[in-house]
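Presented below is the structure to which this report refers.
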Amino acid sequence: MNRRGASSGPRLARGLLRWAAPPGGEAEAIVGDIEEEYRVDVLPRLGSRASQRWYWSQVARSAVPLIGSRVVERRRLRAVLLGWVAATIGFFGTASLVVGVDAVTPLPVWLTVGLFLSAVAIGGTLAGWTLYATDRPDPLGPLMMAGVLLLSVAALFRASPEPETPLWWVLWGGLVVLGLALGGRVGRMRTRGPRADA
Amino acid sequence: MKRTRLGEFEIVVLAALVKLADQAYGMAVRKEIEATTGQPVSIGAIYTTLRRLEKKGYVSARMGDPSPERGGRAKRFFTVEAAGVHALKQSVETIQRMTRDLAEGWA
(Lines give C-alpha, C1' and ligand atoms only; values in the text may rest on other atoms or scores of the structure.)
Protein backbone atom coordinates (compact mmCIF):
# COMPACT_ATOMS: atom_id res chain seq x y z
CA MET A 1 0.00 0.00 0.00
CA ASN A 2 1.13 3.51 -0.65
CA ARG A 3 0.87 6.42 1.72
CA ARG A 4 -2.68 7.16 0.68
CA GLY A 5 -3.83 3.72 1.83
CA ALA A 6 -5.05 2.53 -1.56
CA SER A 7 -3.32 -0.36 -3.31
CA SER A 8 -2.38 1.83 -6.25
CA GLY A 9 1.05 2.41 -7.69
CA PRO A 10 2.97 5.62 -6.94
CA ARG A 11 0.92 8.58 -8.09
CA LEU A 12 3.88 10.38 -9.63
CA ALA A 13 4.84 7.31 -11.66
CA ARG A 14 1.26 6.94 -12.85
CA GLY A 15 1.17 10.59 -13.88
CA LEU A 16 4.46 10.25 -15.74
CA LEU A 17 3.21 7.19 -17.60
CA ARG A 18 -0.06 8.92 -18.50
CA TRP A 19 1.91 11.89 -19.81
CA ALA A 20 4.26 9.71 -21.88
CA ALA A 21 1.46 7.64 -23.41
CA PRO A 22 -0.61 8.78 -26.38
CA PRO A 23 -3.69 10.72 -25.23
CA GLY A 24 -7.13 9.21 -24.95
CA GLY A 25 -8.15 5.66 -24.15
CA GLU A 26 -4.72 4.23 -24.91
CA ALA A 27 -3.08 6.08 -22.01
CA GLU A 28 -5.70 4.82 -19.58
CA ALA A 29 -5.36 1.29 -20.94
CA ILE A 30 -1.59 1.35 -20.44
CA VAL A 31 -1.87 2.69 -16.90
CA GLY A 32 -4.63 0.15 -16.21
CA ASP A 33 -2.48 -2.72 -17.45
CA ILE A 34 0.41 -1.85 -15.16
CA GLU A 35 -1.98 -1.13 -12.31
CA GLU A 36 -3.62 -4.53 -12.76
CA GLU A 37 -0.36 -6.45 -12.66
CA TYR A 38 0.80 -4.35 -9.72
CA ARG A 39 -2.33 -5.01 -7.63
CA VAL A 40 -3.04 -8.60 -8.60
CA ASP A 41 0.42 -10.07 -8.93
CA VAL A 42 3.34 -7.90 -7.84
CA LEU A 43 2.11 -6.29 -4.61
CA PRO A 44 1.02 -9.54 -2.89
CA ARG A 45 4.21 -11.28 -4.01
CA LEU A 46 6.88 -8.62 -3.39
CA GLY A 47 5.43 -6.33 -0.73
CA SER A 48 5.09 -2.59 -0.73
CA ARG A 49 8.64 -1.30 -1.16
CA ALA A 50 9.82 -3.75 -3.80
CA SER A 51 6.56 -3.49 -5.71
CA GLN A 52 6.89 0.27 -5.85
CA ARG A 53 10.39 -0.18 -7.30
CA TRP A 54 8.86 -2.58 -9.82
CA TYR A 55 6.25 0.04 -10.73
CA TRP A 56 8.88 2.72 -11.29
CA SER A 57 10.99 0.37 -13.39
CA GLN A 58 7.97 -0.42 -15.57
CA VAL A 59 7.25 3.27 -16.06
CA ALA A 60 10.89 4.07 -16.85
CA ARG A 61 11.15 1.24 -19.38
CA SER A 62 7.82 2.07 -20.99
CA ALA A 63 8.26 5.83 -21.18
CA VAL A 64 11.20 5.63 -23.60
CA PRO A 65 9.42 3.80 -26.46
CA LEU A 66 6.16 5.67 -25.84
CA ILE A 67 7.75 9.12 -26.02
CA GLY A 68 10.00 8.05 -28.89
CA SER A 69 7.07 6.87 -30.99
CA ARG A 70 5.16 10.09 -30.38
CA VAL A 71 8.06 12.30 -31.38
CA VAL A 72 8.98 10.26 -34.43
CA GLU A 73 5.42 10.12 -35.72
CA ARG A 74 5.51 11.84 -39.05
CA ARG A 75 2.98 14.65 -38.65
CA ARG A 76 4.41 15.83 -35.36
CA LEU A 77 7.97 15.63 -36.57
CA ARG A 78 7.01 17.64 -39.64
CA ALA A 79 5.35 20.27 -37.47
CA VAL A 80 8.38 20.53 -35.21
CA LEU A 81 10.79 20.75 -38.14
CA LEU A 82 8.62 23.42 -39.78
CA GLY A 83 8.74 25.39 -36.56
CA TRP A 84 12.50 25.19 -36.36
CA VAL A 85 13.02 26.04 -40.03
CA ALA A 86 10.60 28.97 -39.84
CA ALA A 87 12.26 30.32 -36.70
CA THR A 88 15.72 29.97 -38.22
CA ILE A 89 14.71 31.75 -41.41
CA GLY A 90 13.02 34.46 -39.37
CA PHE A 91 16.09 34.82 -37.21
CA PHE A 92 18.55 35.15 -40.07
CA GLY A 93 16.22 37.51 -41.92
CA THR A 94 15.93 39.78 -38.91
CA ALA A 95 19.61 39.52 -38.11
CA SER A 96 20.48 40.53 -41.69
CA LEU A 97 18.21 43.54 -41.38
CA VAL A 98 19.91 44.57 -38.14
CA VAL A 99 23.33 44.15 -39.69
CA GLY A 100 22.21 46.26 -42.64
CA VAL A 101 20.86 49.01 -40.41
CA ASP A 102 23.94 48.95 -38.21
CA ALA A 103 26.40 48.64 -41.08
CA VAL A 104 28.22 51.75 -40.09
CA THR A 105 28.94 50.51 -36.57
CA PRO A 106 30.40 47.15 -35.50
CA LEU A 107 27.85 44.68 -34.12
CA PRO A 108 28.24 44.26 -30.34
CA VAL A 109 29.00 40.79 -29.06
CA TRP A 110 26.04 40.84 -26.66
CA LEU A 111 23.72 41.47 -29.59
CA THR A 112 25.07 38.51 -31.53
CA VAL A 113 24.66 36.27 -28.50
CA GLY A 114 21.25 37.78 -27.79
CA LEU A 115 19.99 37.14 -31.30
CA PHE A 116 21.28 33.60 -31.21
CA LEU A 117 19.59 32.92 -27.88
CA SER A 118 16.39 34.51 -29.15
CA ALA A 119 16.40 32.25 -32.17
CA VAL A 120 16.96 29.24 -29.92
CA ALA A 121 14.14 30.39 -27.64
CA ILE A 122 11.78 30.98 -30.53
CA GLY A 123 12.74 27.73 -32.23
CA GLY A 124 12.23 25.85 -28.98
CA THR A 125 8.93 27.59 -28.40
CA LEU A 126 7.69 26.79 -31.86
CA ALA A 127 8.88 23.22 -31.61
CA GLY A 128 7.20 22.73 -28.26
CA TRP A 129 4.09 24.57 -29.30
CA THR A 130 3.60 22.68 -32.50
CA LEU A 131 4.30 19.41 -30.72
CA TYR A 132 1.59 20.25 -28.22
CA ALA A 133 -0.77 21.58 -30.86
CA THR A 134 -0.51 18.47 -32.98
CA ASP A 135 -0.83 16.10 -30.06
CA ARG A 136 -2.76 17.72 -27.24
CA PRO A 137 -4.70 20.74 -28.39
CA ASP A 138 -5.14 22.33 -24.98
CA PRO A 139 -4.32 25.97 -24.15
CA LEU A 140 -1.82 25.10 -21.40
CA GLY A 141 1.01 24.05 -23.74
CA PRO A 142 1.09 27.18 -25.90
CA LEU A 143 0.67 29.39 -22.83
CA MET A 144 3.58 27.70 -21.06
CA MET A 145 5.78 27.91 -24.12
CA ALA A 146 4.83 31.54 -24.72
CA GLY A 147 5.69 32.23 -21.07
CA VAL A 148 9.10 30.62 -21.47
CA LEU A 149 9.73 32.67 -24.60
CA LEU A 150 8.72 35.95 -23.00
CA LEU A 151 10.85 35.22 -19.93
CA SER A 152 13.84 34.46 -22.20
CA VAL A 153 13.37 37.73 -24.02
CA ALA A 154 12.93 39.64 -20.76
CA ALA A 155 16.11 38.03 -19.38
CA LEU A 156 18.00 39.05 -22.50
CA PHE A 157 16.89 42.64 -22.14
CA ARG A 158 17.84 42.63 -18.50
CA ALA A 159 21.31 41.36 -19.36
CA SER A 160 21.89 43.67 -22.29
CA PRO A 161 23.84 46.89 -21.73
CA GLU A 162 21.31 49.00 -23.64
CA PRO A 163 17.92 47.78 -22.44
CA GLU A 164 16.26 51.11 -23.06
CA THR A 165 17.08 51.23 -26.78
CA PRO A 166 13.74 51.07 -28.67
CA LEU A 167 15.28 49.33 -31.69
CA TRP A 168 15.97 46.17 -29.66
CA TRP A 169 12.46 46.15 -28.24
CA VAL A 170 11.11 46.37 -31.79
CA LEU A 171 13.51 43.68 -32.96
CA TRP A 172 12.66 41.18 -30.25
CA GLY A 173 8.98 42.10 -30.36
CA GLY A 174 9.04 41.36 -34.07
CA LEU A 175 10.68 38.01 -33.44
CA VAL A 176 8.04 37.14 -30.86
CA VAL A 177 5.21 38.08 -33.24
CA LEU A 178 6.89 36.17 -36.05
CA GLY A 179 7.27 33.11 -33.83
CA LEU A 180 3.69 33.25 -32.63
CA ALA A 181 2.35 33.76 -36.15
CA LEU A 182 4.35 30.88 -37.58
CA GLY A 183 3.44 28.66 -34.65
CA GLY A 184 -0.22 29.53 -35.15
CA ARG A 185 0.02 28.77 -38.85
CA VAL A 186 1.50 25.35 -38.18
CA GLY A 187 -1.19 24.80 -35.55
CA ARG A 188 -3.89 25.67 -38.10
CA MET A 189 -2.43 23.14 -40.51
CA ARG A 190 -3.30 20.51 -37.95
CA THR A 191 -6.91 21.62 -37.61
CA ARG A 192 -7.56 20.84 -41.26
CA GLY A 193 -8.00 17.27 -40.09
CA PRO A 194 -5.98 14.08 -40.27
CA ARG A 195 -4.16 13.57 -43.50
CA ALA A 196 -4.42 10.26 -45.25
CA ASP A 197 -0.80 9.20 -45.28
CA ALA A 198 0.03 7.21 -48.35
CA MET B 1 2.78 -0.82 -53.23
CA LYS B 2 1.73 -1.59 -49.69
CA ARG B 3 4.53 -2.84 -47.52
CA THR B 4 3.76 -6.16 -45.86
CA ARG B 5 7.15 -6.96 -44.39
CA LEU B 6 7.05 -7.22 -40.62
CA GLY B 7 9.77 -6.60 -38.09
CA GLU B 8 10.80 -9.30 -35.65
CA PHE B 9 8.94 -7.79 -32.72
CA GLU B 10 5.87 -7.16 -34.87
CA ILE B 11 5.81 -10.87 -35.74
CA VAL B 12 6.09 -11.78 -32.05
CA VAL B 13 3.27 -9.41 -31.07
CA LEU B 14 0.99 -10.55 -33.89
CA ALA B 15 1.61 -14.19 -32.98
CA ALA B 16 0.72 -13.44 -29.36
CA LEU B 17 -2.51 -11.76 -30.48
CA VAL B 18 -3.45 -14.80 -32.56
CA LYS B 19 -2.74 -17.10 -29.60
CA LEU B 20 -4.71 -15.02 -27.11
CA ALA B 21 -7.66 -14.55 -29.47
CA ASP B 22 -10.42 -12.55 -27.73
CA GLN B 23 -8.39 -12.12 -24.53
CA ALA B 24 -5.63 -10.11 -26.18
CA TYR B 25 -4.98 -6.91 -24.26
CA GLY B 26 -1.72 -5.19 -23.35
CA MET B 27 -0.72 -7.01 -20.19
CA ALA B 28 -1.85 -10.42 -21.48
CA VAL B 29 0.21 -9.89 -24.64
CA ARG B 30 3.20 -8.88 -22.55
CA LYS B 31 2.95 -11.97 -20.32
CA GLU B 32 2.49 -14.25 -23.31
CA ILE B 33 5.60 -12.86 -25.00
CA GLU B 34 7.69 -13.04 -21.83
CA ALA B 35 6.56 -16.62 -21.16
CA THR B 36 7.33 -17.71 -24.72
CA THR B 37 10.57 -15.86 -25.39
CA GLY B 38 11.94 -15.66 -21.85
CA GLN B 39 12.82 -12.01 -22.46
CA PRO B 40 11.47 -9.09 -20.42
CA VAL B 41 9.32 -6.73 -22.45
CA SER B 42 7.96 -3.33 -21.44
CA ILE B 43 4.30 -2.51 -21.81
CA GLY B 44 5.35 0.67 -23.63
CA ALA B 45 7.10 -1.36 -26.33
CA ILE B 46 4.00 -3.55 -26.72
CA TYR B 47 1.66 -0.59 -27.16
CA THR B 48 4.04 1.22 -29.51
CA THR B 49 4.14 -1.86 -31.74
CA LEU B 50 0.38 -2.41 -31.49
CA ARG B 51 -0.22 1.19 -32.49
CA ARG B 52 2.03 0.79 -35.52
CA LEU B 53 0.26 -2.42 -36.51
CA GLU B 54 -3.09 -0.68 -36.08
CA LYS B 55 -2.00 2.09 -38.43
CA LYS B 56 -0.95 -0.47 -41.00
CA GLY B 57 -4.43 -2.00 -40.78
CA TYR B 58 -3.18 -5.31 -39.40
CA VAL B 59 -4.81 -4.94 -36.02
CA SER B 60 -7.99 -3.34 -34.69
CA ALA B 61 -8.73 -2.27 -31.13
CA ARG B 62 -11.82 -1.93 -28.95
CA MET B 63 -12.26 -0.79 -25.38
CA GLY B 64 -13.59 -3.21 -22.77
CA ASP B 65 -15.38 -2.45 -19.52
CA PRO B 66 -13.65 -0.79 -16.54
CA SER B 67 -12.68 -3.15 -13.71
CA PRO B 68 -11.81 -2.50 -10.05
CA GLU B 69 -8.44 -4.32 -10.14
CA ARG B 70 -7.37 -1.82 -12.79
CA GLY B 71 -8.43 1.17 -10.71
CA GLY B 72 -11.61 1.58 -12.76
CA ARG B 73 -9.77 1.67 -16.07
CA ALA B 74 -10.89 -0.23 -19.15
CA LYS B 75 -8.87 -2.81 -21.05
CA ARG B 76 -8.04 -2.22 -24.68
CA PHE B 77 -8.55 -5.45 -26.60
CA PHE B 78 -6.81 -6.11 -29.90
CA THR B 79 -7.88 -8.29 -32.82
CA VAL B 80 -5.78 -9.37 -35.77
CA GLU B 81 -7.40 -8.37 -39.07
CA ALA B 82 -7.27 -10.42 -42.26
CA ALA B 83 -4.43 -8.26 -43.61
CA GLY B 84 -2.51 -8.92 -40.39
CA VAL B 85 -2.97 -12.67 -40.68
CA HIS B 86 -1.77 -12.50 -44.28
CA ALA B 87 1.30 -10.45 -43.36
CA LEU B 88 2.10 -12.76 -40.45
CA LYS B 89 1.82 -15.86 -42.65
CA GLN B 90 4.10 -14.31 -45.26
CA SER B 91 6.71 -13.36 -42.68
CA VAL B 92 6.64 -16.73 -40.93
CA GLU B 93 6.93 -18.56 -44.26
CA THR B 94 9.90 -16.42 -45.23
CA ILE B 95 11.60 -17.14 -41.91
CA GLN B 96 10.87 -20.86 -42.28
CA ARG B 97 12.36 -20.92 -45.77
CA MET B 98 15.42 -19.02 -44.61
CA THR B 99 16.03 -21.17 -41.54
CA ARG B 100 15.49 -24.38 -43.51
CA ASP B 101 18.15 -23.33 -45.99
CA LEU B 102 20.38 -22.32 -43.13
CA ALA B 103 20.00 -25.71 -41.46
CA GLU B 104 20.91 -27.44 -44.75
CA GLY B 105 24.02 -25.27 -44.98
CA TRP B 106 25.09 -26.20 -41.46
CA ALA B 107 24.55 -29.94 -41.95
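Every chain is numbered from 1, with letters handed out A, B, ... down the list of sequences.
Using a 4.5 Å cut-off between heavy atoms, P40(B) touches chain A through backbone and side chain atoms alike. If you measure heavy-atom distances from V31(A) to chain B, the contacts under 4.5 Å come from both the backbone and the side chain. Proximity to chain A is limited to the side chain of R30(B), based on heavy atoms less than 4.5 angstrom apart.
Using a cutoff of 4.0 Å between basic side-chain nitrogens and carboxylate oxygens, E36(A) and R73(B) are not scored as salt-bridged.
If you tally non-hydrogen atom pairs under 4.5 Å between each of V41(B), T48(B), L50(B) and chain A, the highest count goes to T48(B). The residue among K75(B), E69(B), R76(B) with the most heavy atom pairs within less than 4.5 Å of chain A is E69(B). For the options R61(A), E35(A), Q58(A), heavy-atom pairs under 4.5 Å to chain B are most numerous at R61(A).
Distance alone, capped at 3.5 Å, places no donor-acceptor pair between the R51(B) side chain and the L66(A) backbone.
Residues G44(B) and P65(A) share a closest heavy-atom pair of C-CG, 3.8 Å. Shortest non-hydrogen contact noted between I43(B) and S62(A) is CG2-OG, 3.1 Å.
Linking Ile, Leu, Val, Met, Phe, Trp and Tyr whenever their side-chain heavy atoms come within less than 4.5 Å leaves V64(A) and W54(A) in two separate clusters. Under the 4.5 Å side-chain heavy-atom criterion for Ile, Leu, Val, Met, Phe, Trp and Tyr, V40(A) and M27(B) are members of distinct hydrophobic clusters. Residues Y25(B) and M63(B) are members of separate hydrophobic clusters, defined by side-chain heavy-atom contacts under 4.5 angstrom among Ile, Leu, Val, Met, Phe, Trp and Tyr.
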*Please assess E28(A) against R70(B) for the test salt bridge (Lys or Arg N to Asp or Glu O under 4.0 Å), listing each intermediate value before the final yes or no.*
CA-CA 10 Å; E28(A) 287 305 301; R70(B) 297 169 60 85; over 6 Å; no
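Enclosure of atom CZ in R45(A) by more than 12 non-hydrogen atoms of other residues, nucleotides or ligands within 6.0 angstrom is indicated.
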